[in-house]
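Worth knowing before you read on, the calculation uses all heavy atoms, side chains too, and leaves out hydrogens, waters and symmetry mates. Numbers here simply count residues along the sequence, with the first being 1.
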Amino acid sequence: MGKVTAITEGSIWKQLLLYFFPILFGTFFQQLYNTADAVIVGHFVGKEALAMVGGSSAILTNLVVGFFVGLATGATVLIAQFYGAKSEKSVSRAVHTSIIFALAGSVVMTGFGLLFMRPILARMGTPSEIMDGSLLYLRIYFFGIAGSLVYNMGAGILRAVGDSRRPLYFLIASCLTNIVLDLLFVAALRMGVAGAAYATVISQLVSAGLAVGTLMREKDSYRLDPGKLRLDPYLLRRILQIGFPAGVQAVLYSLSNLVIQSAINALGTDTVAAWAAYGKIDQLFWMVINALGISVTTFVGQNYGAGKLDRVHRGTAESLVIGAFFAVALSTGIWCCGRTVFGFFTADPDVLRIGMEMLHFMCPLFILYVAIEVFSGALRGVGDSLFPMVATAIDICVLRVVWIFLAVPVHPGLRTVMFSYPLTWGLGSMVFLVYYLWFSPLRRFRKNPKPRDLRKL
């Protein structure tokens, strides 16, 4: 045990950053992956095909995959805790249960996608001219969704033991495969949206194959042996207890953003265009902060499993400092370079003016969100994912929606809509801080930290 990781020993901030950057670069390649589909389809097929791939289809695939990634967090946390506690048998059982869970989940989601995509697309108001193409894309995607789910689970296992580099390499290989196959199927063979779907499925199978092959070649406790694939009922229950709230939390964020988008839509085409461009720019901050949250979860999970509660608290505190540093640096950079970056999306002076108003209002307030992501990651690392879900549901989602429905009619305008973000970030950060310090599972271990029986966590 311990060959891959040293995050239970040594300098905390250095280990966090060494683990953080590969996750960040992986997120970047994931964005490049999604953008390549849209660019190639839009350029070689047309705007209707772009809408089929990037409209309702993108929202649905992101929701489904985001929910499963949340579920996979449960496996990552358990494996990190067992690995930190040097419980080799528990690590092995958790790995094999996780892979079985991913395969079973792919069967369920494939059936769901094939049976229910048409009524869901209709319910979303998908225009009739792109309905058939969107349905074709989604059916192919869901038929091959096993690649995405198995990769995400395999990557989660590797990250749980402190290896964030190889999942990055797998994602780079998948991204390049997707681009090459997009050009082949869409540009050369003229297969349209079906070609884009096949390219996506095949590239995801490549990343899944790399992840599974790596796990099968390992010599450590997290080695995957097909002959040992068993479903441990206790571990499956623990995975769902931790992962299900995280999955719901991801869905809630998406749903609240849909309400915000509706309010933005009411402000006119220029505002909608500016908001779309701004969303591409501030994605840089969200990539960074989400990567930090994943890093905190694994760091806390391993050190909690090892009984090193002092490192858990120090790691959480240092993560807050790291997050604040990145928030200030990114806010400053986006503020200074915003007009130039906006110019890549549009030259319309009204859109530029509105976009810069958004940027100047929102960027200095990014720092308010840092505590939410860090504390959420730390709490998930000790197996407490229910509170982050409830806090997110009430503060980030319910309060934000209430603000839109009550405040915007009284004071209609862009700033009133945008204020829903820093309002809920600030309140959410205070709630998470109070809970972490006085009510979380870590509180009872603060004075007398000692190893625990992980089956009783």
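Shown here for G192 and V45, the closest heavy-atom pair between the two residues is CA-CG2, 4.1 Å. Between A263 and I404, the closest heavy-atom pair is CB-CG2, 3.9 Å. V370 and L320 get closest at one heavy-atom pair: CG1-O, 4.0 Å. Minimum interatomic distance between V186 and G195 (heavy atoms only, all atoms of both residues): CG2-C, 4.0 Å. The two atoms that bring L224 and P226 nearest to each other are O-CD, 3.8 Å, heavy atoms only. The shortest non-hydrogen separation linking A194 to L136 is CB-CD2, 3.9 Å.
Atom CD1 in I239 sits 11.0 Å away from atom OH in Y234 (nearest 0.5 Å). Between the OG atom of S92 and the CZ atom of F82 there is a distance of 11.5 Å, given to the nearest 0.5 Å. Atom-to-atom distance recorded for R380:CZ and T297:OG1 is 4.5 Å, nearest 0.5 angstrom. Here the CG atom belonging to L71 is positioned 11.5 Å from the CD1 atom belonging to I242, to the nearest 0.5 angstrom. In this structure, M131 CE and E129 CD are separated by 10.0 Å, a value rounded to the nearest 0.5 Å. Here the straight-line distance linking atom CD1 of I322 with atom CG of L16 works out to 5.0 Å at 0.5 Å rounding.
Within the structure, the side chain to side chain donor-acceptor pair (under 3.5 Å) test picks out no pair touching residues 98-117 (sequence neighbours left out).
The closest donor-acceptor contact from the side chain of T97 to the backbone of D232 lies under 3.5 Å. Checking side-chain atoms of D220 against main-chain N and O of Y222 turns up no donor-acceptor pair under 3.5 Å. Within the 3.5 Å criterion, the main-chain N or O of C363 finds no donor-acceptor partner in the side chain of D282. Looking at Q302, its side chain never comes within 3.5 Å of a backbone N or O of G381 through a donor-acceptor pair. A distance-only check finds a donor-acceptor pair linking the side chain of S429 to the backbone of L368 [under 3.5 Å].
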Open item on the list: Could you walk me through whether M191 and D182 satisfy the side chain to side chain contact (heavy atoms under 4.5 Å, CB included) test, starting with their C-alpha distance in whole Å, then the side-chain angles of each, then the deciding distance to 0.1 Å, before giving a yes or no?
Closed with: CA-CA 10 Å; M191 294 173 63; D182 268 336; over 6 Å; no

Open item on the list: Applying side chain to side chain contact (heavy atoms under 4.5 Å, CB included) to T271 and M358, what does each step give before you reach the verdict?
Closed with: CA-CA 10 Å; T271 303; M358 294 175 178; 3.9 Å; yes

- [ ] Apply side chain to side chain contact (heavy atoms under 4.5 Å, CB included) to the pair S440 and V382, showing each step before the final yes or no.
- [x] CA-CA 9 Å; S440 75; V382 302; over 6 Å; no

Open item on the list: If you apply the rule side chain to side chain contact (heavy atoms under 4.5 Å, CB included), what do you find for F112 with I120, and how did you get there?
Closed with: CA-CA 11 Å; F112 173 83; I120 291 175; 3.7 Å; yes

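Surrounding OH of Y198 are at most 12 heavy atoms belonging to other residues, nucleotides or ligands under 6.0 Å away. Counted within 6.0 Å of CZ on F28, heavy atoms from surrounding residues, nucleotides or ligands total 12 or fewer; the atom is thus considered open.
Residues forming a ring-ring contact (aromatic ring centres under 6.0 Å, His included) with Y435 (at least two apart in sequence, or on another chain): F387. Every residue was checked against the side chain to side chain contact (heavy atoms under 4.5 Å, CB included) condition with A329, not counting sequence neighbours, and none meets it. Applying the ring-ring contact (aromatic ring centres under 6.0 Å, His included) criterion to F25, with sequence neighbours excluded, gives no partner residue. With sequence neighbours excluded, the residues that form a salt bridge (charged side-chain N to carboxylate O under 4.0 Å, His left out) with R415 are E357.
The aromatic rings of F375 and Y436 sit tilted relative to each other, their planes meeting at an angle between 30° and 60°.
F101 has its side chain out of reach of L235: every pair of non-hydrogen atoms, C-beta onward, lies at least 4.5 Å apart. Residues L210 and V206 meet the side-chain proximity criterion, which asks for heavy atoms closer than 4.5 Å. Put simply, the side chain of I172 reaches to within 4.5 Å of the side chain of L168, judged on heavy atoms. Contact annotation: the side chain of F143 never approaches that of I140 to less than 4.5 Å [non-hydrogen atoms, C-beta and beyond]. Side-chain contact check for S203 versus S174: some heavy-atom pair is nearer than 4.5 Å. Counting heavy atoms from C-beta outward, W403 and T416 have side chains that approach closer than 4.5 Å. Contact check for F68 versus I145: no side-chain heavy atoms found under the 4.5 Å cut-off. In this structure, Y137 and T200 have side chains that are in contact, with non-hydrogen atoms separated by less than 4.5 Å.
At a cut-off of 3.5 Å, with distance as the only test, a side-chain donor of T298 or Y19 sits close to an acceptor on the other residue. E373 and Y369 share a donor-acceptor pair across their side chains, judged by distance under 3.5 Å alone.
The aromatic ring centroids of F361 and Y278 lie 6.0 Å or more from each other.
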Between side-chain atoms of residues 389-400 and protein atoms elsewhere (two or more places apart, or another chain), which donor-acceptor pairs fall under 3.5 Å?
residue : atom : partner : partner atom : Å
T392    : OG1  : Q249    : NE2          : 3.2
T392    : OG1  : P388    : O            : 2.7
D395    : OD2  : G428    : N            : 3.3
R400    : NE   : I396    : O            : 3.3
R400    : NE   : T424    : OG1          : 3.4
R400    : NH2  : T424    : OG1          : 3.0

